[in-house]
S.K.: 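If you scroll down you'll find the structure; I have some questions about it.
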Amino acid sequence: MIRRGSACGKIILLGEHAVVYGFPAVAIPVRSLQTRAELSEGTAPLRITAPLIGLDAPMTNLPSGHPLAVCIRLTAETLGMAPPGGRLTITSDIPVASGMGSGAAVSTAIVRVLASAAGRNLPAAEISRIVFAVEQIHHGTPSGVDNTVIAHEMPIYFQPGEEPETLAVGAPMHLLIADSGVHSKTRIAVGGVRERRDADPARYDGLFRQIGGLAKEGRAHLESGNIPLLGKTMDRCHELLRAIEVTIPALDRLVEAARQAGAYGAKLSGAGLGGNIIALADPPLLPAVETALRESGAADVFRTDLEP
Ligand code: MEV
């Protein structure tokens, strides 16, 4: 029998990095990009095929701390079963190392397919808990925002230490996500910020507080449907992300191109040092913004919309 599980991508609208230090963030799901996990049940040991990372091996060949092995083990423990046999195939549209939650989406899809094999439907909070444990292997000190938004598949306001709040948008919202084509590891970007923060805590904590303030402000604009003001909030956030040194010229070029082409606002999204920028624009301007992004070096451009 074949079982299937899937998970969406994500982008952080506001609050990245500061969220690692306890400040709030706003993140949204990107449902147009999906990771799929397919389990064709058979004999043990489970064989894992994941072309995106060049993997095709029995689970027993993976080191015990391998994120995929940990994810399967933790999920099986939660479900009170042994890891299944057969073949687990993982495919994904989500670009890797680009700030769109590819790792968390792989884990979420695996948890869902194993739960389906066990005839269970795990609540989003439980899926998020397992995926967070796997994220700790990838990133060291994840805030928990990625696993939360991907497991809930809803826009969220994420305040570390509190229950995530799902958000309803007050007006249609259209975003372009432009991949700079520069791969960047979250662990490296987060580690760099930590070093600079340790060297100058007062300055960095002040910057994190301002970023958190923008997340709070942006949440209000998103809920009331004030898209122009949300765009301005994104612009201000990009400047603060520049102050903590996570932007690079390739990202700045894309942000500037989107603004020049008429976007309400644009910023890098996620850990930075590569990965994506996001731009908020009215539908009639989206083609011009997309062209400007491609002409300014975007390796790919994706669109995502949120409706009230
Ligand atoms: C990565 O998607 C977002 C960061 O804030 C890290 C985290 O929240 O764990 C940079």
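Whatever order the structure lists them in is the order used to number ligands and atoms, beginning at 1. We use all heavy atoms of the structure for the numbers below, so side chains are in, but hydrogens, waters and symmetry mates are not.
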S.K.: For atom 3 (C) of ligand 1, what is the nearest protein heavy atom, given as residue, atom name and distance?
M.R.: Ile12 CD1, 3.5 Å

S.K.: Quickly, which of Arg242, Arg259, Lys267 forms a salt bridge (Lys or Arg N to Asp or Glu O under 4.0 Å) with Asp252? Name it, please.
M.R.: Arg242

S.K.: Taking atom CD of Glu163 as the centre, report whether more than 12 heavy atoms of other residues, nucleotides or ligands fall under 6.0 Å from it.
M.R.: no

S.K.: Run through Arg196, Arg194, Arg197 and flag the one making a side-chain hydrogen bond (donor to acceptor under 3.5 Å, both in side chains) with Tyr204.
M.R.: Arg196

S.K.: Write out all pairs satisfying ring-ring contact (aromatic ring centres under 6.0 Å, His included) with one or both partners inside residues 1-50, taking only residues at least two apart or from two chains.
M.R.: Tyr21-Phe208

S.K.: So is Thr186 polar-close to ligand 1, meaning N/O to N/O under 3.5 Å?
M.R.: no

S.K.: Suppose I only count heavy atoms of Val145 and a 4.0 Å limit; which atoms of ligand 1 are within that range?
M.R.: 8 (O)

S.K.: When you measure from the heavy atoms of Glu135 to every atom of ligand 1, does any distance fall below 4.0 Å?
M.R.: no

S.K.: Can Ile277 and Leu293 be said to form a side chain to side chain contact (heavy atoms under 4.5 Å, CB included), step by step?
M.R.: CA-CA 10 Å; Ile277 69 107; Leu293 288 168; 3.9 Å; yes

S.K.: Out of Ile130, Thr78, Ile72, which residue meets the side chain to side chain contact (heavy atoms under 4.5 Å, CB included) rule with Val111?
M.R.: Ile130

S.K.: Tell me whether the count of non-hydrogen atoms from other residues, nucleotides or ligands lying under 6.0 Å of CG in Asn121 goes above 12.
M.R.: no

S.K.: How far is atom 2 (O) of ligand 1 from its nearest protein heavy atom, and which residue and atom is that?
M.R.: Lys10 NZ, 2.9 Å

S.K.: Would one find an N or O of Glu16, backbone or side chain, under 3.5 Å from an N or O of ligand 1?
M.R.: no

S.K.: For ligand 1, which atoms sit closer than 4.0 Å to a heavy atom of Val19?
M.R.: 5 (O), 8 (O)

S.K.: With a 4.0 Å cut-off on heavy atoms, is His17 in contact with ligand 1?
M.R.: yes

S.K.: Of the protein's non-hydrogen atoms, which lies at the shortest distance from atom 6 (C) of ligand 1, and what is that distance?
M.R.: Val20 CG2, 3.8 Å

S.K.: Starting from atom 7 (C) of ligand 1, what is the nearest protein heavy atom, named by residue and atom, and what distance separates them?
M.R.: Ser143 OG, 3.3 Å

